[in-house]
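Order of the sequence lines fixes the chain letters, A, B, ..., with proteins taken first and strands second; residue numbering starts at 1 for each chain.
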Amino acid sequence: MSLQPASVRAPLIFKRLKRAYPDAHCELDYASPYQLLAATILSAQCTDKRVNLVTPALFERYPNAESLAMADPREVEELIKPTGFFRNKTKSLLGMAGGLLDRFGSSVPDRMEDLVTLPGVGRKTANVILGTAFDKPAGVVVDTHVGRVSRRLGLTRLSDPVKVESVLMKLFPQKHWTLLSHLLIFHGRRVCVARRPRCAECVLNDLCPSSEV
DNA sequence: ATCCCGAGGG
DNA sequence: CCCTCTGGAT
């Protein structure tokens with residue numbers, strides 16, 4: 001039983017995921033673009049749940065870019081240690097805050113080309129800020145979940161996140177890009193998990209070349 | 001290609 | 001024990 005091409009399955013995949021996860025959204029806790037930017041930097045190779053554990057204290061102590069830019073790195077390291085990569089992430093946070101202060105009037109820019117000039121901010125993080133904090137047209141956020149799920153679904157065989165993003169942008173209409181990211185992330189966390197995917201409970205198993213059902 | 005890093009699940 | 005978690009910089 002052969003599967004339809006990706007271009008035919010893509011709209012069905014979107015529809016099914018939307019029905020399965022009607023509440024799909026960014027699960028990082030934040031109250032401003034500044035907070036989302038900091039939380040997203042911390043989310044690298046770390047569950048969002050763990051990020052949410054450390055950000056309340058972090059945001060209370062450093063409520064804005066000014067205070068974070070002048071922070072004692074050792075103090076920031078202690079606050080964010082459970083998220084891993086704490087030395088790199090501290091450098092990114094302080095550098096990011098300094099960049100906002102020096103070059104963007106202490107506020108978070110809303111353009112891709114500006115965002116990626118900030119330390120610790122790559123294309124993935126910038127897409128999160130654009131799409132979620134500013135509700136602006138953004139590319140597809142390709143993180144570890146989106147990449148893995150896309151490959152298992154046979155939407156692409158590529159591993160380079162930038163190329164995967166390009167493929168997904170051709171398969172799905174622009175108005176769906178931000179929601180699609182959240183849907184694929186929810187699905188990757190709950191069902192299409194890295195270790196032992198739960199194909200039996202997957203709403204896409206008849207559309208998936210990797211299904212083991 | 002490699003490094004950074006802690007914590008939870010299987 | 002080994003793998004993985006909303007990556008980015010060198």
Atom NE2 of A:H25 and atom P of C:dT6: how far apart are they, to the nearest Å? 13 Å
Phosphate oxygens OP1/OP2 of C:dG7: is one of them under 4.0 Å from a side-chain N or O of A:R123? no
Suppose you measure atom P in C:dT6 against the same atom in B:dC4; what distance do you get, rounded to whole Å? 22 Å
Nucleotide C:dT6, atom C1' - distance to CG of A:N52 in whole Å: 12 Å
Using the side-chain contact (heavy atoms from CB on, under 4.5 Å) criterion, which residues pair with A:D102? Sequence neighbours excluded. none
Of all heavy-atom pairs between A:P197 and A:C192, which one has the smallest distance, and what is that distance? CB-CA, 4.4 Å
Tell me: CG of A:D29 to P of C:dT6, nearest whole Å? 14 Å
Is the closest side-chain donor-acceptor distance between A:T55 and A:Q35 under 3.5 Å? no
Under 4.5 Å between side-chain heavy atoms, counting indirect links through other Ile/Leu/Val/Met/Phe/Trp/Tyr residues: same cluster for A:L37 and A:L58 or not? yes
Specify the closest pair of heavy atoms between A:S107 and A:L100, including all atoms of both residues, with the distance to one decimal. O-CD2, 3.5 Å
Counted 5' to 3', the first and last nucleotides of DNA chain B within 4.0 Å (strictly under) of a heavy-atom of chain A are B:dC4 to B:dG9
Counting only side-chain N and O atoms of A:T144, is one of them less than 4.0 Å from OP1 or OP2 of C:dT6? no
Distance in Å, A:L179 CG paired with A:L17 CG, rounded so as to fall on 0.5 Å steps: 9.0 Å
Protein-nucleotide distance (A:I80, atom CD1; C:dG8, atom P), rounded to Å: 15 Å
Between C:dG8 (P) and A:E165 (CD): distance, integer Å: 11 Å
Taking side-chain contact (heavy atoms from CB on, under 4.5 Å) as the definition, give me every residue that meets it alongside A:D135, ordered by chain and number, with sequence neighbours left out. none
Integer-rounded Å distance: C:dC1 C1' and A:R195 CZ: 10 Å
Mind checking A:V51 for me? I need base, sugar-phosphate or nothing, with any heavy atom below 4.0 Å counting as a touch. nothing
What is the distance, rounded to the nearest whole Å, between atom CG of A:D143 and atom P of C:dG7? 5 Å
Counting just side-chain N and O atoms, does A:H145 come under 4.0 Å of either OP1 or OP2 of C:dC5? yes
My understanding is that only residues two or more places apart in sequence, or in another chain, count here; which of them pass side-chain contact (heavy atoms from CB on, under 4.5 Å) with A:V167? A:T156, A:L158, A:L171
Assign A:T125 to base, sugar-phosphate, or nothing according to its heavy-atom contacts below 4.0 angstrom with the strands shown. sugar-phosphate
Reckon A:K81 touches a base, only the sugar-phosphate, or nothing at all at heavy-atom distances under 4.0 Å? sugar-phosphate
Do any pairs count as a ring pair (Phe, Tyr, Trp, His ring centres under 6.0 Å) and have a residue in residues 8-27 of chain A, sequence neighbours left out, and if so which ones? A:F14-A:H176, A:Y21-A:H187, A:H25-A:F186
Could you state the CD1-P distance from A:I129 to C:dG7, rounded to the nearest angstrom? 14 Å
May I ask you to list the residues of residues 31-50 of chain A, by number, that have any heavy atom positioned under 4.0 Å from an atom of DNA chain B? A:Q45, A:R50
Given A:V141, which of A:H182, A:E165, A:K124 fulfils the side chain to side chain contact (heavy atoms under 4.5 Å, CB included) condition? A:K124
